[in-house]
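For the numbers below, each heavy atom of this structure counts, side chains included, while hydrogens, waters and symmetry mates do not.
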Amino acid sequence: MLDLGLPDPVRAPGLPEEVRIHEVGPRDGLQNEKSLVPVEVKAEFIARLAAAGLRTIEATSFVHPKWVPQLADAEELVPRLAGLPERHPGLRLPVLVPNERGLDRALAHHAADIAVFASATETFARRNLNRSADEAMAMFRPVVGRATEAGVAVRGYLSMCFGDPWEGPVPVDQVVRYGVRLLELGCAELSLGDTIGVATPGQVTALLAGFARAGVPVDRLAVHFHDTYGQALSNTLAALREGVTTVDASAGGLGGCPYAKSATGNLATEDLVWMLHGLGIRTGVDLRSLVATSGWMAGRLGRPSPSRTVQALLGSAGG
């Protein structure tokens with residue numbers, strides 16, 4: 001279909017001209033795999049994503065192996081990526097850190113970008129971080145402070161921004177309160193996560209309006225949607241209409257959340273790129289190369305890719 005010139009770009013009013021895709025497949029995607037993915041496969045996956053034009057690729061997490069054994073090879077993986085930024089100018093390879101120990105490990109490997117993850121709800125904070133939401137914020141203060149002093153850019157993730165499997169709907173003011181606290185700690189960017197994929201476009205618009213009322217510039221916000229109910233693309237479009245220009249996505253639709261069993265895969269990067277290119281929005285991504293990469297990874301994982309675009313362009317097997 002790409003040989004036929006599809007998708008046919010048609011600009012729509014009120015949308016950004018360019019969107020930065022924050023690729024989370026190697027970290028948020030692979031952390032939910034039941035079997036361990038060999039480190040050499042992870043390194044090649046990241047290299048292929050960079051070759052496809054993605055310029056922000058979240059590589060791994062310096063979390064304790066006990067909690068996320070799928071990412072226990074972070075120290076082995078990161079050195080394998082050392083030459084990529086030279087081959088792909090502008091490439092950023094952020095890593096997730098859960099605490100100061102994780103920061104120490106990241107700094108030892110000369111990380112230039114890190115991310116911390118908090119929760120907008122109390123129950124998920126206790127299940128995911130083993131502490132209250134407020135205690136988590138206190139834990140992140142020295143992490144963000146030390147990273148900033150070292151010249152490392154910090155991104156803040158906020159989970160359960162639209163619904164929580166234990167607490168139900170999450171009030172906008174509650175999400176804004178915790179999000180603002182992450183920004184006040186020193187996070188340069190805040191990613192708003194629909195961890196269990198329950199958001200709808202109206203909720204997205206309402207939440208972004210809540211941050212606007214709190215004085216948060218929209219260019220400091222990103223969105224992170226899961227596709228549990230098939231709403232990830234429509235939610236993304238709603239965010240774009242409000243001025244958001246950074247969107248998280250996972251190649252091949254990989255992912256979920258080990259601590260929230262109702263969380264299914266992330267928004268597939270290919271599906272996002274198809275929509276954005278169809279809207280005439282620049283991404284810098286070569287869709288053909290990206291689809292081939294996700295097909296390759298589907299083969300390594302031994303199952304079809306859930307991405308509808310990968311299925312359409314490679315066949316239902318996706319690999």
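With sequence neighbours left out, the ring-ring contact (aromatic ring centres under 6.0 Å, His included) criterion links Phe62 to His109. For His224, the ring-ring contact (aromatic ring centres under 6.0 Å, His included) partners are Tyr157, His226, not counting sequence neighbours.
Considering only heavy atoms from C-beta on, Val37 stays 4.5 Å or farther from Arg300 through its side chain. Two residues are said to be in side-chain contact when any heavy atoms from C-beta on lie closer than 4.5 Å; Leu208 and Leu221 meet this criterion. Between Pro94 and Ile114 the shortest side-chain heavy-atom distance does not fall below 4.5 Å. Residues Leu233 and Met275 are in side-chain contact: their nearest non-hydrogen atoms beyond the backbone lie under 4.5 Å apart. Side-chain contact between Phe117 and Leu129 is present, with heavy atoms from C-beta onward closer than 4.5 Å. Between Leu49 and Thr269, the closest side-chain pair of non-hydrogen atoms is not below 4.5 Å. No side-chain heavy atom of Met160 sits less than 4.5 Å from a side-chain heavy atom of Glu167. The shortest distance between side-chain heavy atoms of Cys187 and Val116 falls below 4.5 Å.
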Step by step, work out the side-chain contact (heavy atoms from CB on, under 4.5 Å) result for Ile21 and Val247.
-> CA-CA 5 Å; Ile21 297 174; Val247 180; 5.5 Å; no
Decide side-chain contact (heavy atoms from CB on, under 4.5 Å) for Asn266 and Leu254; before the verdict, give the C-alpha distance in whole Å, the side-chain angles of both, and the deciding distance to 0.1 Å.
-> CA-CA 6 Å; Asn266 292 283; Leu254 297 172; 6.0 Å; no
Would you sort out whether Arg127 and Asp164 count as a salt bridge (Lys or Arg N to Asp or Glu O under 4.0 Å), showing the intermediate values?
-> CA-CA 12 Å; Arg127 287 175 175 264; Asp164 179 290; over 6 Å; no
Evaluate side-chain contact (heavy atoms from CB on, under 4.5 Å) for Leu93 paired with Thr56, printing each intermediate quantity in order.
-> CA-CA 6 Å; Leu93 297 169; Thr56 306; over 6 Å; no
What do the steps show when you test Ser61 against Val95 for side-chain contact (heavy atoms from CB on, under 4.5 Å), and what is the final call?
-> CA-CA 5 Å; Ser61 172; Val95 295; over 6 Å; no
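Ionic pairing of Arg80 and Glu44 is not present here: no N-O contact between side-chain nitrogen and carboxylate oxygen is shorter than 4.0 angstrom. One finds a salt bridge joining Arg155 and Asp248 here, because a Lys/Arg side-chain nitrogen approaches an Asp/Glu carboxylate oxygen to under 4.0 Å.
Sorted by first and then second residue, the side chain to side chain donor-acceptor pair (under 3.5 Å) pairs involving residues 85-98 (not counting sequence neighbours) are Arg92-Asp113. Note on residues 208-220: no pairs pass salt bridge (charged side-chain N to carboxylate O under 4.0 Å, His left out), not counting sequence neighbours.
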Please tabulate, one pair per line, all N/O donor-acceptor pairs under 3.5 Å involving side-chain atoms of residues 238-246, not counting sequence neighbours.
{"unit_1": "Thr246", "atom_1": "OG1", "unit_2": "Arg20", "atom_2": "NH2", "d": "3.4"}

List the atom pairs, with distances to 0.1 Å, where a side-chain N or O of residues 277-288 and a protein N or O form a donor-acceptor pair under 3.5 Å, not counting sequence neighbours.
{"unit_1": "His277", "atom_1": "NE2", "unit_2": "Thr283", "atom_2": "OG1", "d": "2.7"}
{"unit_1": "Arg282", "atom_1": "NH2", "unit_2": "Glu18", "atom_2": "OE1", "d": "3.4"}
{"unit_1": "Thr283", "atom_1": "OG1", "unit_2": "Val285", "atom_2": "N", "d": "3.1"}
{"unit_1": "Asp286", "atom_1": "OD1", "unit_2": "Arg288", "atom_2": "N", "d": "3.0"}
{"unit_1": "Asp286", "atom_1": "OD1", "unit_2": "Ser289", "atom_2": "N", "d": "3.1"}
{"unit_1": "Arg288", "atom_1": "NH2", "unit_2": "Asp3", "atom_2": "OD1", "d": "2.9"}

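With values rounded to the nearest 0.5 angstrom, Leu71 atom CG is found 9.0 Å from Leu77 atom CG. Put simply, OG on Ser119 and CZ on Arg131 are 13.0 Å apart, with the number rounded to the nearest 0.5 Å. Atom CG of residue Asp28 and atom OG1 of residue Thr60 lie 11.5 Å apart, to the nearest 0.5 angstrom. Note that CH2 of Trp166 and CD1 of Ile196 are 8.5 Å apart. Values are rounded to the nearest 0.5 Å. Here the CG atom belonging to Leu272 is positioned 10.0 Å from the CD atom belonging to Glu23, to the nearest 0.5 angstrom. Note that the CZ atom of Arg27 and the CD1 atom of Ile46 stand 12.0 Å from one another [nearest 0.5 Å].
Between the side chain of Gln31 and the backbone N or O of Gln70 there is no donor-acceptor pair closer than 3.5 Å. Judged by distance alone, the side chain of Asp194 and the main-chain N or O of Ala199 form a donor-acceptor pair under 3.5 Å. Within the 3.5 Å criterion, the main-chain N or O of Leu30 finds no donor-acceptor partner in the side chain of Glu33. Between the side chain of Glu58 and the main chain of His22, no donor-acceptor pair closer than 3.5 Å is present. The closest donor-acceptor contact from the side chain of Asp227 to the backbone of Ala232 lies under 3.5 Å.
Across all non-hydrogen atoms, the minimal contact from Asn99 to Gly102 is OD1-N, 2.8 Å. Closest approach of Val154 and Ala147 over heavy atoms only: CG2-CB, 3.7 Å. The minimum heavy-atom distance between Ser159 and Phe124, with the atom names listed, is CB-CE2, 3.5 Å. Pairing each heavy atom of Ala214 with each of Val176, the nearest pair is CB-CG1, 3.7 Å. Across Thr309 and Trp274, no two heavy atoms sit closer than the pair OG1-CB, 4.0 Å. Contact record, Pro201 with Gln231: CD-OE1, 4.1 Å, taken as the closest heavy-atom pair.
Around CZ of Arg308, the count of heavy atoms belonging to other residues, nucleotides or ligands within 6.0 Å does not exceed 12. Annotation: Arg141, atom CZ; neighbour count of heavy atoms from other residues, nucleotides and ligands within 6.0 Å does not exceed 12.
Following chains of ILVMFWY side-chain contacts shorter than 4.5 Å, one cannot reach Met297 starting from Leu36, and the two form parts of different hydrophobic clusters. The cluster map of Ile, Leu, Val, Met, Phe, Trp and Tyr, joined by side-chain heavy atoms under 4.5 Å apart, puts Leu4 and Leu313 in the same cluster.
Applying side chain to side chain donor-acceptor pair (under 3.5 Å) to Glu270 and the options Ser294, Ser250, Ser305 leaves one that passes, Ser294.
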